[in-house]
Structure formats: structure tokens, C-alpha cells
Protein chains: 2
Amino acid sequence: MTAQKPPSTRLSVNDWLQAGYTLLAEQGGRALKVESLCQQIGATRGSFYWHFEDMDSYRAALVETWNAFLARDRQSLESLDALPPRERLSAMMTTLVSPQHWMLERAMREWARTDPIAAENVRQADRLLLRAVAKAYCDYGFSPEDARLRAELTFAAGIGLLHLAGSAAQAQRVAPQQRLLELMLADPT
Amino acid sequence: MTAQKPPSTRLSVNDWLQAGYTLLAEQGGRALKVESLCQQIGATRGSFYWHFEDMDSYRAALVETWNAFLARDRQSLESLDALPPRERLSAMMTTLVSPQHWMLERAMREWARTDPIAAENVRQADRLLLRAVAKAYCDYGFSPEDARLRAELTFAAGIGLLHLAGSAAQAQRVAPQQRLLELMLADPT
DNA sequence: ACCTGAACACCGTTCAAGT
DNA sequence: ACCTGAACACCGTTCAAGT
């Protein structure tokens, strides 16, 4: 049988990553300091440097974990293929702005501006999602080119709403989301 | 007669702000360090601290200057009232994504997350722009509520495109912009 | 294997001294 | 009035020593 995890005074890599996500979501990228992490987790600097090379590789670890999380998440989006296109799009948009995601999503995109590793991971994740959304528009009946453009615009609007929402609750974003979908599904000749 | 500005080994507040904008646009918020600014401008730390209290107030000065710049810019947007709604919207969107603006716009929004002063200024600027865009949709014939919602979505999509565009040239963003406008002006009952 | 705490380096900030 | 450069404080990083 596998060993049970003890209540643990001992810390794992994952504990540190978790603490990082908390800080990132609550206070943004500039708050990600070794000392802050130590306070959050109740350990000293040396412990951090046992688990991680330095701040840069710690950030890289955060990005990779986040990316893996996202990939799983978005793969499950693609598994919505069974749904009719309209419901599929609706489900995608709801997931995109889920409250567990948007704080970190924003922090990650902020990072991506200066960190090449983060940038590559964000780009890759975006490509996956864009493809899925475009496919849905395509299945709905738009030409591939038009579907692609509508997907980009939908995606952009989603990102923009994330940024504009500030700390607003999810409920306040659902109405715009659905209205956006209606407009995007319109067929102006 | 007024004194001419000398070729100047002497530095002005504005020189430091200019250096800051350059750094912000090129390397993002984390690159805004005193030493980097000094190198950029060719002076030593003490000079910086003659003109500014500390980094925080320097950032505040950057934000205020930027905000004044934006306000002027957006007031001129409202002066487009003479144009028919559709052209007015098109002109607004073009200005919104002008290459001189988007890098700083992004940096400012990044700041706004952790700096209350920046947040307030961004909020205020957004309110002005949103009102102008909503008015245009209203003049086009949509109900006030619908106009408001379309304005928010247009705005969100604009912000999103800024973020997604990366370092792409403006030309690549014009097509999506115009297509977005077409979709937003559609009238799905 | 994992953690502590002292030590060091780097960069934000201060300040006495120069022009 | 504006700037220099030395000095100090803070936080990222290292490392010898503990369990």
C-alpha cells in the first residue's frame, strides 16, 4: 500500500507552488517574493532554496504546472464535441471565465510579456483553445475563414472581459458572455 | 522673451518620465529600476532622487502624465460627434489600438492591479471612453441598454486584441477591428 | 532528505559634498 | 538648483551546520 501523507511539518514542492498561486492571485506578480512565500508557508529562506534553484526556476515551475492544469482543462473542452455547436460555445465561454482561473490567467499573461517560457506556454494554450472555438463556429455553419475570425474576436472579448472585470463576481460576467455569443452568431451579409 | 531650453546636460522631470516610458514599453514593469533609468538617461542615482521622492511617487508621476495624455486623446474622440455613428466608431477603434498607445496601455493596466492611483486613473479613462462608444451605438439606433452592452463588448474585444496582438504590427489588427464592428452593428432580434 | 540561520550581494534610498 | 558618489537597508541567494 502507498504511504499516507503525514500532517507534515515537512514541505513539498507542491506546497510552495500552492503558496505562490495564492500570492499571485491575491497580490499580483510583484508580491512574489521569497520572504512573502516563507511567511505564507511558515518556513525560512533556506527551505525554499532546497526545493528550487532560484526565483526564476520557481516561476518556471509555476508556469509549467499552470500550463499542465490548463491543458487538461482545455482538452476536456474539446471533448464537448458531442454537444451542438451553440451549447458547446456557451460551455467553453463559461469555463474560460471561471473564477478559479481568471486571476491566474491574468497573472500568467502578465508574466508572458517578460518570461519566454511563460510566453511559449501561453501561446500554446491559446492555440489549442482558439482551434476548438473556431471548430465550433465552423460546425455552426460559418466558413472556415469566418469561423477563425469570429473565434479570434470571441477570444479577444473573453480576455478583455477578464481584464475589465476586476474583482467582480462571476455572475456579473455571465450576461455579457451570453450576449456576446448572440452577437457573434449573427450572420450579417 | 522666454529662455530657450539648452542642449542641456541638466535633466528635467520630463526627461525621467520619458526614459520610464521607454523602459516600460520595451521591457515591462519589472524593468523599471532606478539603475536602469540612470543608465538610459546617463546620470546617477542621486539625480533621480532630486527630481522624485522615491520609486512609488515616480510611478505615480508616470501614471498621472499618462492619464492626462489619454484624457486629451479621448476628449478629441468625443469631438468626433459630428461624424455619422458608424464612422465615429471606426475612428474610435483605430485610435484605441494605435501603436503609440498599446504598449503603455498594457503596462498601465498591469500596474493598475496593484497600484490604487493607477487603478483609479485607468478606471476614470475607461469610463470616459465607454460612454463615448455607448453614445455612438445609441446614435446608431440601439436602445440605451443594448448600446451600453455592445459598448462593453466592443471595449473588451479591443482590450483583448491589444493583449493578443503581442508585438504584431498595427496593420494586422485593422481587419479584425473592422470585422468586429460589422458584427457589433448586426441586429439579431 | 529537509530545514535553519548567519553571511553576502544587489539595488532602493539617503545625504553630505560639489558645481 | 541640480548633480555626484559613498553609505546604508532590504531582499535574493549561498552555505555550513543541524535533525
Side-chain angles (χ1 to χ4, degrees), chain A residues 2-24 26-63 65 107 110-111 114-118, chain B residues 2-24 26-63 65 107 110-111 114-118:
Chain A
T2 52
Q4 284 301 107
K5 193 151 178 206
S8 92
T9 64
R10 292 308 236 230
L11 299 170
S12 71
V13 163
N14 207 55
D15 292 325
W16 287 100
L17 295 178
Q18 213 50 48
Y21 286 137
T22 303
L23 272 183
L24 264 185
E26 284 177 357
Q27 316 194 43
R30 268 200 281 165
L32 211 64
K33 295 168 193 270
V34 176
E35 191 43 47
S36 310
L37 288 169
C38 290
Q39 281 187 342
Q40 170 90 18
I41 213 172
T44 55
R45 296 179 166 85
S47 175
F48 174 87
Y49 284 96
W50 169 258
H51 293 285
F52 302 96
E53 182 81 9
D54 52 21
M55 268 312 251
D56 273 350
S57 77
Y58 174 71
R59 279 189 267 266
L62 275 180
V63 169
T65 304
E110 183 180 320
W111 259 0
T114 49
D115 181 341
I117 298 177
Chain B
T2 51
Q4 283 303 103
K5 195 154 180 203
S8 93
T9 64
R10 293 309 238 229
L11 298 170
S12 71
V13 164
N14 207 54
D15 291 325
W16 287 101
L17 295 178
Q18 213 49 48
Y21 287 137
T22 303
L23 273 182
L24 265 184
E26 285 177 357
Q27 317 193 42
R30 266 200 284 164
L32 211 64
K33 296 169 194 266
V34 176
E35 191 44 45
S36 309
L37 287 169
C38 289
Q39 282 187 341
Q40 169 91 18
I41 212 172
T44 56
R45 295 180 166 89
S47 175
F48 175 87
Y49 283 96
W50 169 259
H51 294 285
F52 302 95
E53 182 81 9
D54 53 20
M55 267 314 251
D56 273 349
S57 76
Y58 174 71
R59 278 189 269 264
L62 274 181
V63 170
T65 305
E110 182 179 320
W111 259 0
T114 50
D115 179 343
I117 299 178

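Numbers restart at 1 for each chain; the letters A, B, ... are given by sequence-line order, proteins then strands.
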Give the rounded distance in Å between these two atoms: [atom1] of [X] and [atom2] of [N].
X	N	atom1	atom2	value
B/Trp16	D/dA1	CH2	C1'	16 Å
A/Asp15	C/dC2	CG	P	12 Å
A/Lys33	C/dC10	NZ	P	18 Å
A/Arg45	C/dT4	CZ	P	12 Å
B/Leu32	C/dC11	CG	C1'	14 Å
B/Gln39	D/dG5	CD	P	14 Å

Relative to the ring of A/Trp16, is the ring of A/Phe52 parallel (under 30°), tilted (30 to 60°) or perpendicular (over 60°)?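 A/Phe52 and A/Trp16: perpendicular rings.
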
Would you call B/Met55 and B/Phe48 a side-chain contact if the rule is heavy atoms closer than 4.5 Å? yes

Heavy-atom side-chain contact between A/Tyr49 and A/Val34 under 4.5 Å: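 Result yes, sub-4.5 Å side-chain heavy-atom pair found.
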
Searching all strands shown, indicate the nucleotide that pairs with D/dC10 (Watson-Crick or G-U wobble; both distances under 3.5 Å).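 Base-paired to nothing in any strand shown.
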
Provide the Watson-Crick or G-U wobble partner of D/dC15, both distances under 3.5 Å; none if there is no partner. C/dG5

Is [X] reaching over with its side chain to a backbone N or O of [Y], donor-acceptor style, under 3.5 angstrom?
X	Y	value
B/Ser57	B/Asp54	yes
A/Ser36	A/Leu32	no
B/Tyr21	B/Leu62	yes

Test side-chain contact (heavy atoms from CB on, under 4.5 Å) on B/Leu17 and B/Val13; report intermediate values, then the result. CA-CA 6 Å; B/Leu17 295 178; B/Val13 164; 4.0 Å; yes

Closest to the B/Arg10 side chain: D/dG12, D/dC3, C/dT13?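 The answer is D/dC3, which lies nearest to the side chain.
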
Ranking C/dC2, D/dT13, C/dT4 by distance to the side chain of A/Tyr49, first place goes to D/dT13

Closest to the 5' end of DNA chain D, once A/Val34 and A/Gly46 are matched to their nearest nucleotides, is A/Val34

So if I take residues 50-60 of chain B and measure heavy-atom distances to DNA chain D, which residues fall below 4.0 Å?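 Result for residues 50-60 of chain B: B/Trp50, B/His51, sorted by number.
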
